[in-house]
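Proteins get letters first, then strands, A, B, ... in listed order; numbering begins at 1 in each.
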Amino acid sequence: MNKEKPKHYDPGAVEEKWYGYWMDKQYFKSIPDDREAFTIVIPPPNVTGILHMGHMLNNTIQDILIRKARLDGKNACWVPGTDHASIATEAKVVKWLREELNVKKSDLTREQFMDYAHQWKEKYGGIILQQLKKLGASCDWDRTAFTMDATRYDCVIQSFVDLYNRGFLYRDYRMVNWDPVAQTVLSNEEVIYSEESGTLYHVRYRVQDTDDYITIATTRPETILGDTAVAVHPEDPRYVSYHGKRVLVPLVDRAVPIIADEYVDQQFGTGALKITPAHDVNDYEIGKKHDLEIIDILNPDATLSAAAQLFVGLDRDEARTLVVRRLEEEGYLVKTEDYTHNVGRSERSHAVVEPRRSLQWYVRMKDLAEPALRAVEEDTIRFFPENQKNTYRHWMRNIRDWCISRQLWWGQRIPAYYYQDQVFVATTKEEALEQARAHFNNALIQSDDLSQDEDVLDTWFSSWLWPMSVFGTLDSNEDLDYYYPTSVLVTGWDIIFLWVARMIIAGYQWQGTKPFEHVYFTGMVRDRKGRKMSKSLGNSPDALELIQNYGADGVRFGMLSCSPAGGDLLFDEKLCEQGKNFCNKIWNGLNFLTSRSVSAKIEPGQGDELAYAWFSQKLSQHLQQTNALYKEYRLSQILISNYSLIWNDFFSQYLEMIKPASGASFSDRTFGQAKELFGKLMIILHPFMPFITEEVWHQLEDRRIGEDVIVASYPQEEVETDPRLIKDMQLLIELVSKIREIRSAKSMKWNAPMELYIKKSDQLSPSLYEGRWVALLSKMAVLDEIHFVEEEPGALLSIVIGTDKFFVDPKVTMDVQAELQKLHAELEYQQGFVSSVEQKLDNDRFVSNAPESVVNNERKKLADGLARINMLKESIRQLEQM
RNA sequence: GAGACUGUAGCUCAGUUGGUUUAGAGCAUUACCUUGACAGGGUAGGGGUCGGGGGUUCGAAUCCCUCCAGUCUCACCA
């Protein structure tokens, strides 16, 4: 078995090879059978998106869970897909048409535009799914879904019709968040507020038929042209005398009432507030209350409309400049001051959001939300980490109606058909026509007489059906019945309202049950300074470049080793390097094991069986611990634990224990045991680092066809555990370490001759007397001889571990003073320890109140501490006699 | 403005119902080691009054109160 292997692990070739192999073998494919299903639906990335750090984290976690389920023998199904992202995609398509094809959207019919949009999607969309393959994502690609494909489209239309028929939909005029660039309405969740510096303009309005002025403060002087009132606080003494009078709006000289309303804050600005009902949410409410006129001075693209009278056709920003100049020229501008305020911008176009009154479709949420709230409250759906329940509860209890219409073409067109003053909602125009004919009792109404709503539905109105729609329908079918409810949703908490809550609502609405058992919320990926990673900051590493540099396994290690559930992840490339180093360590371990010759004629070393038994126990203990951690999604901790088991326990200890002398061979039996353990380690590591584990698995043995680590059986913990074996080995390892320490301190070579004396005592574990333990100890510590003694041999260096005492003869001149100093330091520590324990035991209330086991443990600690003090004193005494 | 979460070693984090030999890991750092599978390695060391202050308790990193700092969510005043 003398294979020549490259010195370093090369991830690139290995990863490509195995991903292709797994695909060929169809290991990612899932079809319903009689096994238990384990299902994850991917949080569909935006079809225009490319892989970034957040995706990498999120999808690595999903892949880990899916691969673990596969190893556990479940029918693992991970459904990939993308969403159509109305606003973002439409913007990209429009840009593409303009720049590449020289076509304007306005020159196209709706049908033509949709054709182009689908073309664009085929050509450029979904790159991210290809990138996920580089990461090792084991999705069932045959199931790839898209929120705008025919199947998903039908589900969305059906859901709209269902909700309408059940009375959950309505149309209404509301103040909405209008994106003047994308020319569509935005939901509250799509508006990002941030502090921006602006100017507060103080403008005076003349009170009609007087020479008095009332000064108001505004950040948006251009909206003065749409003012229909000035409001003051009813009890504000400055303005009481003006109640019921009118002011003239500057520049347009419109006489508008002075109204009294408690909404006005007397402390702010001048205490007088201009009211523009068409362009401010609060003003709109006040306008309704006082029955004010609504003058909409803006067009949909935020240029001034004819109603503004002045500056018609100019953009709102230009108009502001000109209005301010004119106000100043005409003596209305009292003063300006710098002012920082919150400005809402469109998440997609970044345009300043314009409040606008318009007719939109809404979902009545309150009743729909009720079962969804209960499901989480009662832990029918469990959140990890649990504290996200608070956020969820707060939002669900204060839920607002959901505005679902969008003034775009790229999306599912609302299946509402208008005839005269009536609306007919149906999955097809033909059905709507039937309804219209029946309603008007007029068979002559023709299809062309009906006009369909021009708007499309919010993208989230597709996404909320995702856990059902990816399986084809909203009602029963074979796949849906088998895979739904899905096992776990892995997503960021930033879309808990946009998506998670709504999916739960939809699940209860159409399936009558939850869409998933668990929700695992990942943290936000930040840079090491704690800043959110973003394109504009340029602090986000290129995902594919990372994979190139560190290998997918290395990057997966890096992402996972620092990502507590729900906690933010402060990403540092060094962590990927650690992952890469780990791959090399594994590679080298494999190299070592397979480079030595193996012989059936050689007897196993005396310690080999012991080492095997010990590591088997260690592995079993590890499995027990990590199984519990998997249940709580403590993936980061499982990875760290795997890392430590493999590096420290397997490579540093186990391989050292069984290592043949330089140039010697392994016995057949020992080699087989080592390969078996190594293989098991590859299985438990596989979910985290799929590629190298598959490679090593196949290098360890010539495997039969289909005997691949990806579909191996996860090792089971052993029924019989032997905690004493683990404890005794811990003592042995500690002793070996102390002996190495002495060698190092005395500048002795690692293999310089040395003898060990072990003081016999009742406390000493009987294992140590056994031949195999003695053999293993002398091998590990490179000892010439081990003596068991009744009495302390004088003038030797002593080692105290627990309550056991050992001596070595370093065979070099001893620095007595230095030794004494060390012993005194140790003595001081032990005395401090003992006195802290004594303090407890001297306290009667402790002894009488604390549970007996706790008190007994303290007594044991005291006894052990005292024993150690005696040993140290004895050593000191002996040294002082020299 | 209302609320949530976090604060443990230089950094990233464990620390499960208060009691596990007077607080742990990984990384980083320091010293030493190179004919040992691996210098992307090995051996060992240093480093923390558990954000501050109070309280409950025989006993607090852990529970309560309060303050401070940070992150985030919701609502927003022109």
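- In the set B/A44, B/C38, B/U22, B/U22 carries the atom at the smallest distance from any side-chain atom of A/Ser836.
- The side chain of A/Phe846 has B/G19 as its nearest neighbour among B/U21, B/A78, B/G19.
- A salt bridge is defined here as a Lys NZ or Arg NE, NH1 or NH2 lying under 4.0 Å from an Asp or Glu carboxylate O, and A/Glu826 with A/Arg868 fails to meet this definition.
- For B/A37, the OP1/OP2 oxygens have a side-chain nitrogen or oxygen of A/Lys659 closer than 4.0 Å.
- Looking only at side-chain heavy atoms (C-beta outward), A/Val500 and A/Phe521 come within less than 4.5 Å of each other.
- Residues A/Phe688 and A/Phe557 keep their aromatic ring centres 6.0 Å or farther apart.
- Here A/Arg596 reaches the OP1 or OP2 of B/A37: one of its side-chain N or O atoms lies under 4.0 Å away.
- Remark: A/Lys779 is not in phosphate contact with B/G36, judged by side-chain N or O atoms under 4.0 Å from OP1 or OP2.
- The residue A/Asn390 sits close only to the backbone: its heavy atoms come under 4.0 Å of sugar-phosphate atoms, none of a base.
- Panel note: side chain A/Asp227, backbone A/Ala229; no donor-acceptor pair is recorded below 3.5 Å.
- A/Tyr339 comes within 4.0 angstrom of the backbone, heavy atoms only, and of no base.
- Comparing A/Leu575 and A/Asn588 against RNA chain B, the residue whose closest nucleotide sits nearer the 5' end is A/Leu575.
- Salt bridge A/Lys861/A/Glu838: absent, no basic N to carboxylate O contact under 4.0 Å.
- Note on A/Lys580: a base of the nucleic acid sits closer than 4.0 angstrom, heavy atoms only.
- For the pair A/Ala850 and A/Asp265, both in contact range of RNA chain B, the more 5′-proximal nearest nucleotide belongs to A/Ala850.
- In this structure, the ring of A/Tyr643 has its center less than 6.0 angstrom from the ring center of A/Trp647.
- Residue contacts for A/Gly832: at a heavy-atom cut-off of 4.0 Å it reaches a base atom on one of the strands shown.
- With rounding to whole Å, A/Asn387 atom CG is found 13 Å from B/G3 atom C1'.
- Between A/Ile739 atom CD1 and B/A44 atom P there is a gap of 12 Å when expressed in whole angstrom units.
- B/U17 is unpaired under the Watson-Crick or G-U wobble criterion, no partner having all donor-acceptor distances under 3.5 Å.
- For the pair A/Asn849 and B/C58, the criterion of a side-chain N or O lying under 4.0 Å from OP1 or OP2 is met.
- Using a 4.0 Å cut-off between charged side-chain N and carboxylate O, A/Arg345 and A/Glu190 make no salt bridge.
- Looking at heavy-atom distances under 4.0 Å, A/Lys860 makes contact with a base.
- A/Lys574 has no carboxylate O lying under 4.0 Å from a charged side-chain N of A/Asp572, or vice versa, which leaves the two without a salt bridge.
- B/U21 atom C1' lies 14 Å from atom CG of A/Leu872, rounded to whole Å.
- For B/U71, the OP1/OP2 oxygens have no side-chain nitrogen or oxygen of A/Trp493 closer than 4.0 Å.
- Comparing B/A75, B/U21, B/A37 against the side chain of A/Arg400 picks out B/A75 as the nearest.
- Applying the 4.0 Å criterion to OP1 and OP2 of B/A25, one finds that A/Tyr643 has every side-chain N and O outside that range.
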Contact list (N/O, under 3.5 angstrom) for nucleotides 61-65 of chain B vs protein:
none

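- Side-chain rings of A/Phe384 and A/Tyr520 stay apart, their centers remaining 6.0 Å or farther from each other.
- Across the strands present, B/A78 finds no partner; the criterion is a Watson-Crick or G-U wobble pair with both atom distances under 3.5 angstrom.
- The side chain of A/Tyr829 places an N or O atom within less than 4.0 Å of a non-bridging phosphate oxygen (OP1 or OP2) of B/U22.
- Checking side-chain atoms of A/Ser836 against main-chain N and O of A/Phe833 turns up a donor-acceptor pair under 3.5 Å.
- In this structure, A/Lys580 contributes its side chain and A/Gly551 its backbone to no donor-acceptor pair below 3.5 Å.
- Across all strands shown, B/U43 forms a Watson-Crick or G-U wobble pair, both distances under 3.5 Å, with B/A31.
- For A/Arg634 and B/G15, the shortest distance from a side-chain N or O to OP1 or OP2 is below 4.0 Å.
- The A/His341 side chain lies nearest to B/A78 when the options are B/U21, B/A78, B/C58.
- Residue A/Ser662 is classed as having no contact, given no heavy-atom separation below 4.0 Å to the nucleic acid.
- The pairing partner recorded for B/A61 is none, the criterion being a Watson-Crick or G-U wobble arrangement whose two distances lie under 3.5 angstrom.
- As the counterpart of B/A37, no nucleotide is assigned, since no Watson-Crick or G-U wobble pattern has both distances under 3.5 Å.
- One finds no side-chain N or O of A/Tyr193 lying less than 4.0 angstrom from the OP1 or OP2 phosphate oxygen of B/A75.
- Checking B/G19, B/G26, B/A78 against the side-chain heavy atoms of A/Pro851 singles out B/G19 as nearest.
- Both distances falling under 3.5 Å, in either a Watson-Crick or a G-U wobble arrangement, place B/G70 opposite B/C5.
- No engagement by A/Glu852 is indicated, since no non-hydrogen atom pair under 4.0 Å with the nucleic acid exists.
- Remark: P of B/G42 and CG of A/Asn581 are 10 Å apart, rounded to the nearest angstrom.
- Rounded to a whole angstrom, the distance from the P atom of B/U43 to that of B/A25 is 14 Å.
- In this structure, A/Gly802 reaches neither bases nor backbone, as no heavy-atom distance under 4.0 Å exists between it and the strands shown.
- Listed pair A/Ser561 / B/C13 fails the phosphate criterion, with no side-chain N or O lying under 4.0 Å from OP1 or OP2.
- Spacing between atom CZ of A/Arg743 and atom C1' of B/G45 amounts to 20 Å, rounded to whole angstrom units.
- Residue contacts shown for A/Ser848 are absent, as no nucleic acid heavy atom lies under 4.0 Å away.
- Taking atom P in both B/U66 and B/C76, the straight-line distance is 28 Å, to the nearest Å.
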